[in-house]
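We name chains A, B, ... by the order of the sequence lines, and we start the count at 1 in each one.
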Protein chains: 2
Amino acid sequence: METERPQRPDGATAGSGTLDPESAGRKRAAGPERVNTPGGRRALDQGVILREAVRFIDEHGREQLTMRRLGAELGVEAMALYRYVPGRDQLLDGVVEVVMDELYGMTMNRPLPGSWQEFLQQMAHGVRAISMEHPKIFPLVASRPPAAPWLRPPLRSLRWVEGFLEGLDHYGFDPTESVRVYRAFSTFLLGHLLLESAIYAVEPRAAPAADIEFVESSDLALYPRLMTLSPQLSLDTFDNEFEDALEEMIDRMAISPP
Amino acid sequence: METERPQRPDGATAGSGTLDPESAGRKRAAGPERVNTPGGRRALDQGVILREAVRFIDEHGREQLTMRRLGAELGVEAMALYRYVPGRDQLLDGVVEVVMDELYGMTMNRPLPGSWQEFLQQMAHGVRAISMEHPKIFPLVASRPPAAPWLRPPLRSLRWVEGFLEGLDHYGFDPTESVRVYRAFSTFLLGHLLLESAIYAVEPRAAPAADIEFVESSDLALYPRLMTLSPQLSLDTFDNEFEDALEEMIDRMAISPP
DNA sequence: ACCTGAACACCGTTCAAGT
DNA sequence: ACCTGAACACCGTTCAAGT
């Protein structure tokens, strides 16, 4: 039951129906500023729609995002969005793109630090900051099918990864070593940040206690070790886990493979 | 726009509408075997439905699973499923449960090996085997909201985690150390297996080459490093990555924290 | 006891029609 | 040029009715 993908009549290579990256998250090179529509509504365009989608998911979660509701949020019927976005899937890809652009701005527009260790620290903390700013979006970053199979979540921007590899090159990593670092780095971030953002998405930095009741106590009674350990298991130790494992992983990157 | 959860009239604690764990994935203690319905159809029950859901997702992916299609697969209207499963969300939780039970059977019904290092190796390889058997289900295991916030994906079975902690206890880990191991272990598995299963879900152990064209070449031309490295980036190195990082992580667990 | 038909309130998406 | 109304083919879910 595959959806047929109709040929575009205009001769453009339809490809996989990606968004125009130029007008997505970034600002246009100062053009004619269409401010407001006669009706007083904000003028629609792809960037406006994608940013509103980001805001909406941040607030309500990705389950709640529908074309109809997003349209309503922008003062327009759902059908109007299809002029700017090919469909819901591409909208979600665009959301990921906006967030990755934010990451790029945060991590790549500054001078390289003195050591490659500091560089990796800086990059890791940048990605973590983004995942904490958008905990409800991070699962999308982590699990939407990427543009290329070798583009590993959560580092899903060609531009960002290019910059990352440039950085490694600057510190003297050869291509093979760089690939190894990129892989270890992405795996590390995916594991840590997906777990952390999952918690943070439901309870934005809330109390650690009282969570023990969350499982029906009858169930828990069957498992004595979980019973006694659940207070310890409930402690929020993500900060330490992240920092320790990050340092560990960075140390590991210093040793070249045979 | 919250969905109202109506009070059950039968006085049972409705709670969060979980499935009856007894009849889920496991076989019943030999009872009256209702084999076939008069019409010749397989008799419905929760276990049959959940196992069919697992099979269906393995084959078609989780996007394709709808109550209506699952019903059709079982020779029944969608509405008939609601007698055995509270709703779609709980169905998906049940799917996760079935897979976790499979993991339990694979890893917990055998004698403990000689060293805790071997034990962790065995557990890690068990989880990896499950993720490779159900690559299209693994994202559910990784990202459905768990029963308790401290129950970290992908290790989402109270029973399994209890067994894991029992194992650690047997090798002399004290409770604090065990929690530390559990956390590092789950983070490690989540990162590695989510990446690997994502690849494996679309291409079951397929060719490594030709993936380079997957990104429009025009895009890639902007990024010289990605351009030259994409062949290396496309190589399937998950086996080595997993084994190396696992050994590394196990080494790290030997050192107690201050 | 177990399943179905019909209905409800939603989806994403298309397209001719309005301004 | 840009948006809408109406329509289509789907969803999940409820419930009275059938057997």
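- Atom-to-atom, CG of A:L44 to C1' of D:dC3 comes out at 10 Å; the value is rounded to the nearest Å.
- Between D:dC3 and A:Y84, a contact under 4.0 Å exists linking OP1 or OP2 to a side-chain N or O.
- By the 6.0 Å and 45° rule, A:R69 does not stack over the aromatic ring of A:F56.
- Between A:R69 atom CZ and C:dA9 atom P the separation is 15 Å, expressed in whole Å.
- The residues B:E52 and B:R55 are annotated as salt-bridged, a charged nitrogen and a carboxylate oxygen being separated by less than 4.0 angstrom.
- Atom CG of B:L91 is separated from atom P of D:dC11 by 14 Å (rounded to the nearest Å).
- Rounded to an integer number of Å, the gap from B:E63 CD to D:dC10 P is 16 Å.
- Nucleotides of DNA chain C nearest to A:Y82 and B:E77 differ in position, and the one nearer the 5' end is that of B:E77.
- Nucleotide C:dA1 holds its C1' atom 15 Å from the CG atom of B:D45, rounded to whole Å.
- Base pairing in DNA chain C yields stems of at least 3 consecutive Watson-Crick or G-U pairs, both distances under 3.5 Å, namely C:4-8 with D:12-16, C:12-16 with D:4-8.
- In this structure, CG in A:L103 is found 10.0 Å from CD in A:E133, a value given to the nearest 0.5 Å.
- Proximity of a side-chain donor or acceptor of A:R88 to a complementary backbone N or O of A:L65 within less than 3.5 Å is detected.
- Atoms CG (B:L65) and P (D:dC10) sit 16 Å apart, rounded to a whole Å.
- Of the possible polar contacts, none joining the A:Y200 side chain to the A:K136 backbone as a donor-acceptor pair under 3.5 Å is found.
- Note: CD (B:Q64) to C1' (D:dC10) measures 12 Å, nearest angstrom.
- Taking 4.0 angstrom as the limit, A:R68 places none of its side-chain polar atoms (N or O) nearer than this to OP1 or OP2 of C:dT13.
- Of the two residues contacting DNA chain D, namely B:R83 and B:G87, the nearest-nucleotide position lying further toward the 5' end is that of B:G87.
- As judged by a 4.0 angstrom heavy-atom cut-off over every strand, B:M67 is placed among residues touching the sugar-phosphate backbone only.
- Nearest nucleotide to the B:M79 side chain, out of D:dA6, C:dC3, D:dC15: D:dC15.
- Considering only residues two or more places apart in sequence or on other chains, B:R156 meets the salt bridge (charged side-chain N to carboxylate O under 4.0 Å, His left out) condition with none of them.
- As a whole-Å value, the separation of A:L92 CG from C:dC11 C1' is 14 Å.
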Worked check of ring pair (Phe, Tyr, Trp, His ring centres under 6.0 Å) between B:F185 and B:F164: CA-CA 11 Å; B:F185 193 74; B:F164 184 73; 4.9 Å; yes
